[in-house]
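Each chain gets a letter, A, B and so on, in the order its sequence line appears, and its residues count up from 1. Heavy atoms only: backbone and side chains are in, while hydrogens, waters and symmetry mates are out.
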Amino acid sequence: GENVEQHPSTLSVQEGDSAVIKCTYSDSASNYFPWYKQELGKRPQLIIDIRSNVGEKKDQRIAVTLNKTAKHFSLHITETQPEDSAVYFCAASRSETGGFKTIFGAGTRLFVKA
Amino acid sequence: EPEVTQTPSHQVTQMGQEVILRCVPISNHLYFYWYRQILGQKVEFLVSFYNNEISEKSEIFDDQFSVERPDGSNFTLKIRSTKLEDSAMYFCASNTRRTSGEVKFYEQYFGPGTRLTVT
């Protein structure tokens, strides 16, 4: 079945450093790749997304890259701040006529030390 | 900004009981979803719903689960006979119709979740 692998499971960085989270997906029909930030007890919040016809997208300190051939996509956070500390989930979605089927990765717990 | 809402925020039920979790998606959205997240684990897709029918479901969504859009605003998830392993946070999500602004179509908006505890 469809699967999304996410690494690392935990990431600890110093404030100001960069953080990189990597994901691999199995369903070659996936065409939309959102990234979510989830704080404890809260809902997942979309922070950036990329569609399969784009290789890279940037939004201020956050960037995402996609390699469709290798089925890899990555999240890059630069100049990390303590408020970036949270769990980050990658996801791979396949759009159908009736909406999406979205498979999430297992999550990366990011700690940013002040 | 419009939001997806869910009720109740926390539901405690005994094993074997039926529960109904309620969601009010964003008003002009047409695609609806349920996800669950067991404590400390990843978000898992349960079902997608469009045009008053299920469009896709996962292996988790067995005969014990059902969804319904009983009126123009609510979207419900029913678990007929709860098990201990159904204890989780259940998130509803919705997104809008395809438009020329593709980004708006793709973004799923999540509700705050209902924490279901089965004892």
Side-chain angles (χ1 to χ4, degrees), chain A residues 1-10 21 23 25-27 29-54 57-59 64 66 86-109, chain B residues 1 3-6 9-10 23 25 29-61 67 69 75 89-98 101-115:
Chain A
E2 303 100 335
N3 190 39
V4 175
E5 298 282 342
Q6 182 172 348
H7 300 280
S9 57
T10 306
I21 302 170
C23 291
Y25 62 98
S26 62
D27 183 0
S30 297
N31 56 5
Y32 173 62
F33 306 90
W35 285 86
Y36 293 91
K37 176 183 180 183
Q38 188 177 36
E39 296 173 346
L40 192 62
K42 301 283 183 67
R43 74 189 86 187
Q45 295 271 13
L46 180 74
I47 55 171
I48 195 167
D49 55 12
I50 190 167
R51 297 190 295 282
S52 59
N53 59 347
V54 175
K57 183 177 176 181
K58 189 172 180 182
D59 183 5
V64 59
L66 171 65
V87 179
Y88 290 80
F89 291 97
C90 63
S93 289
R94 167 165 50 83
S95 65
E96 306 287 348
T97 305
F100 288 95
K101 180 174 183 177
T102 301
I103 306 299
F104 283 76
T108 296
R109 187 172 297 278
Chain B
E1 187 174 332
E3 286 194 334
V4 176
T5 59
Q6 289 185 244
S9 57
H10 192 189
C23 168
H29 286 189
L30 299 178
Y31 306 89
F32 314 115
Y33 310 85
W34 283 101
Y35 296 87
R36 81 171 185 190
Q37 186 177 31
I38 296 169
L39 188 62
Q41 297 187 23
K42 68 178 176 181
V43 178
E44 299 175 289
F45 171 84
L46 293 178
V47 66
S48 59
F49 189 88
Y50 168 70
N51 200 25
N52 282 318
E53 59 183 23
I54 290 173
S55 35
E56 189 136 12
K57 58 184 180 180
S58 71
E59 310 76 47
I60 303 167
F61 195 90
V67 289
R69 187 151 164 83
F75 179 50
M89 182 74 93
Y90 288 80
F91 292 105
C92 172
S94 68
N95 65 280
T96 189
R97 64 165 73 239
R98 299 175 192 272
E102 286 187 76
V103 171
K104 289 196 188 299
F105 166 76
Y106 278 85
E107 179 175 352
Q108 288 188 20
Y109 292 80
F110 280 79
T114 292
R115 181 165 297 285

Taking B:Glu44 for its side chain and B:Ile38 for its backbone only, find out whether a donor-acceptor pair lies under 3.5 Å.
no
May I ask you to name which of B:Arg115, B:Glu53, B:Lys42 has the most heavy-atom pairs under 4.5 Å with chain A?
B:Lys42
For the interface with chain B, which of A:Ser93, A:Pro44, A:Gly107 has the highest count of heavy-atom pairs at distances below 4.5 Å?
A:Pro44
Check each atom of B:Val4 against the heavy atoms of chain A and say whether the ones under 4.5 Å are side chain, backbone, both or neither.
backbone
Select one option (side chain, backbone, both, neither) describing which atoms of A:Lys101 are under 4.5 Å from chain B's heavy atoms.
both
Applying ring pair (Phe, Tyr, Trp, His ring centres under 6.0 Å), name anything that partners A:Tyr88, two or more places apart in sequence or on another chain.
none
Would you call the rings of A:Tyr36 and B:Phe110 parallel, tilted or perpendicular, where under 30° means parallel and over 60° means perpendicular?
perpendicular
Ring pair (Phe, Tyr, Trp, His ring centres under 6.0 Å) involving A:Phe33 - partner list, sequence neighbours excluded:
A:Tyr25, A:Phe73
Heavy-atom contact with chain A under 4.5 Å, split by part of B:Glu56:
side chain
Should the ring pair B:Tyr35 and A:Phe104 be called parallel, tilted or perpendicular, given that the plane angle runs from 0 to 90° and is split at 30 and 60?
perpendicular
Under a 4.5 Å heavy-atom cutoff, which of B:Ala93, B:Gly111, B:Ser58 has the most pairs with chain A?
B:Gly111
Exam field: side chain A:Gln6 to backbone A:Cys90, donor-acceptor pair closer than 3.5 Å:
yes
Under 4.5 Å from a heavy atom of chain B, the part of A:Gln45 involved
neither
